[in-house]
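We use all heavy atoms of the structure for the numbers below, so side chains are in, but hydrogens, waters and symmetry mates are not.
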Amino acid sequence: MNRPARLAVGVVSAGRVGAVLGAALARAGHTVVAASGVSKESLQRAEDLLPGVPVLPPDEVVRQADLVLLALPDDALRGMVRGLAAADALRSGQIVVHTCGAHGVDVLAPAVDHGALPLALHPVMTFTGRAEDLERLTTCSFGVTAADGDEAAWSVGEALVVEMGAEPVRVPDAARPLYHTALAYGANHLVTLVAEAAELLAKAGVGNPERMLGPLLSAALDNALRHGDRALTGPVARGDVGTIRAHLTVLAEHAPDMLPTYRALAERTAHRAEASGLLRPDLAPDVFAVLERGPGEDRR
């Protein structure tokens, strides 16, 4: 894999992702020449992670850069690219990279019209915007997307990811929406599940629910990644209808807002457990029945 030449990098903007990736590129030998930022938090991140880098308006950042790093929310990206194109801030020969998971390279079409090379490099991790994120990059993957058939562009994207210490994974442009849905479905919902499990334990009088949950959930995640559905345990996979009914009852009393989520997830678990042979066929109908008509919620 060819190593990119040393590049002048412009970061738009110095949010949690942009500041960290800018620092990672600087660590790899590139030069961050400018960054944009408006909020107090962004300005502080720029000062901490990109020391000495001038903070300028986005169009001025882009004009100075060989590599433009657009680290923006999904919904803000398209408008920013159009604005930069309209301001003639983009030029031929630039590499324009965005970090959004949901978009491929089509969103960078105005940059392509100006002769730029478009890339989508999505880091598959959560960011704090602090220095420790630089070390976490070395254990994560990036979803890399370039224009179909442009093998040179794919190689540039992969080389940039490797330079930042991460692992590049090719994601075709057409697959980006499904790819991003999968990641959000797992990571974002996991946070909700953990937080709500901790709330239930607190209601049960457990003083440090996070400490109790840590080993259990870490083991469950590790087993799920290693063994898939065969890692399923618990009352749904065993067909313990009495326990499931007790869960529904206690949720109806203590956390009725969690009942619909419990039912939906337990039903999905039951289907997967049945398909993998963990839930006995003779017990499955009773499991589905109690989830459909359990106590605590009017199912009319």
Side-chain angles (χ1 to χ4, degrees), residues 1-32 35-36 49-50 58 61-62 65-74 76-78 80-81 84 90 93-112 116-127 129 133-134 136-148 150-184 187:
M1 185 179 299
N2 292 329
R3 182 174 182 176
R6 301 306 86 193
L7 301 168
V9 178
V11 179
V12 182
S13 63
R16 294 182 182 182
V17 176
V20 171
L21 296 190
L25 289 167
R27 186 172 65 176
H30 301 287
T31 302
V32 180
S36 69
L49 292 172
L50 305 171
V61 172
V62 171
D66 303 316
L67 170 61
V68 177
L69 181 65
L70 301 174
L72 300 164
D74 293 354
L77 177 61
R78 193 178 300 276
M80 176 62 75
V81 177
L84 292 171
L90 298 160
Q94 282 179 317
I95 303 170
V96 179
V97 174
H98 78 74
T99 63
C100 295
H103 294 297
V105 293
D106 287 351
V107 72
L108 299 176
V112 176
L117 177 73
L119 291 172
L121 304 181
H122 174 241
V124 186
M125 61 177 268
T126 57
F127 286 78
D133 289 344
L134 286 168
R136 294 176 62 213
L137 279 176
T138 62
T139 64
C140 89
S141 301
F142 274 60
V144 176
T145 301
D148 290 342
D150 190 345
E151 189 59 34
W154 284 99
S155 295
V156 170
E158 291 170 332
L160 288 169
V161 171
V162 169
E163 283 194 328
M164 287 187 280
E167 178 182 357
V169 178
R170 292 193 177 195
V171 180
D173 197 81
R176 292 287 288 206
L178 183 59
Y179 152 84
H180 191 247
T181 299
L183 297 177

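- How far CZ of Arg27 is from CG of Leu21: 11.0 Å, rounded to the nearest 0.5 Å.
- The side-chain heavy atoms of Pro110 and Leu84, taken from C-beta on, include no pair separated by under 4.5 Å.
- For Val105 against Ala146, the heavy-atom pair with the smallest separation is CG1-CA, 4.0 Å.
- Checking side-chain atoms of Thr145 against main-chain N and O of Asp173 turns up no donor-acceptor pair under 3.5 Å.
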Trace of the side chain to side chain contact (heavy atoms under 4.5 Å, CB included) decision for Val81 with Val96: CA-CA 10 Å; Val81 177; Val96 179; 5.8 Å; no

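- Pairing each heavy atom of Arg170 with each of Trp154, the nearest pair is NH2-CB, 3.5 Å.
- Using a 4.5 Å heavy-atom cutoff, the side chains of Leu67 and His30 are not in contact.
- Between the SG atom in Cys140 and the CD atom in Glu167 there is a gap of 9.0 Å [rounded to 0.5 Å].
- Annotation: the span from Leu160 atom CG to Ile95 atom CD1 amounts to 6.0 Å, rounded to 0.5 Å.
- Considering only residues two or more places apart in sequence or on other chains, Arg176 meets the salt bridge (charged side-chain N to carboxylate O under 4.0 Å, His left out) condition with none of them.
- By the 6.0 Å contact criterion, CZ on Arg136 is enclosed, its count of non-hydrogen atoms from other residues, nucleotides or ligands being greater than 12.
- Panel note: side chain Gln94, backbone Ala111; no donor-acceptor pair is recorded below 3.5 Å.
- His180 places a side-chain heavy atom less than 4.5 Å from the side chain of Asp74.
- Of all heavy-atom pairs spanning Ala19 and Leu49, the tightest one is CB-CD1, 3.8 Å.
- Taking CG from Leu183 and OG1 from Thr126, the interatomic distance works out to 12.0 Å, rounded to the nearest 0.5 Å.
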Between Val161 and Glu158, does the side chain to side chain contact (heavy atoms under 4.5 Å, CB included) criterion hold? Intermediate values first, please. CA-CA 5 Å; Val161 171; Glu158 291 170 332; 5.8 Å; no

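- Contact annotation: the side chain of Phe142 never approaches that of Thr99 to less than 4.5 Å [non-hydrogen atoms, C-beta and beyond].
- Nearest heavy-atom pair across Val20 and Gly129 is CG2-CA, 4.0 Å.
- The nearest pair of heavy atoms linking Leu108 to Pro118 is CD1-CB, 3.7 Å.
- Residues Val32 and Ala26 approach most closely at CG2-CB, 4.1 Å, considering heavy atoms.
- Atom-to-atom distance recorded for Met125:CE and Thr139:OG1 is 7.0 Å, nearest 0.5 angstrom.
- Using a 4.5 Å heavy-atom cutoff, the side chains of Leu72 and His98 are not in contact.
- Atom NE2 of His103 sits about 11.5 Å away from atom CG of Leu70, to the nearest 0.5 Å.
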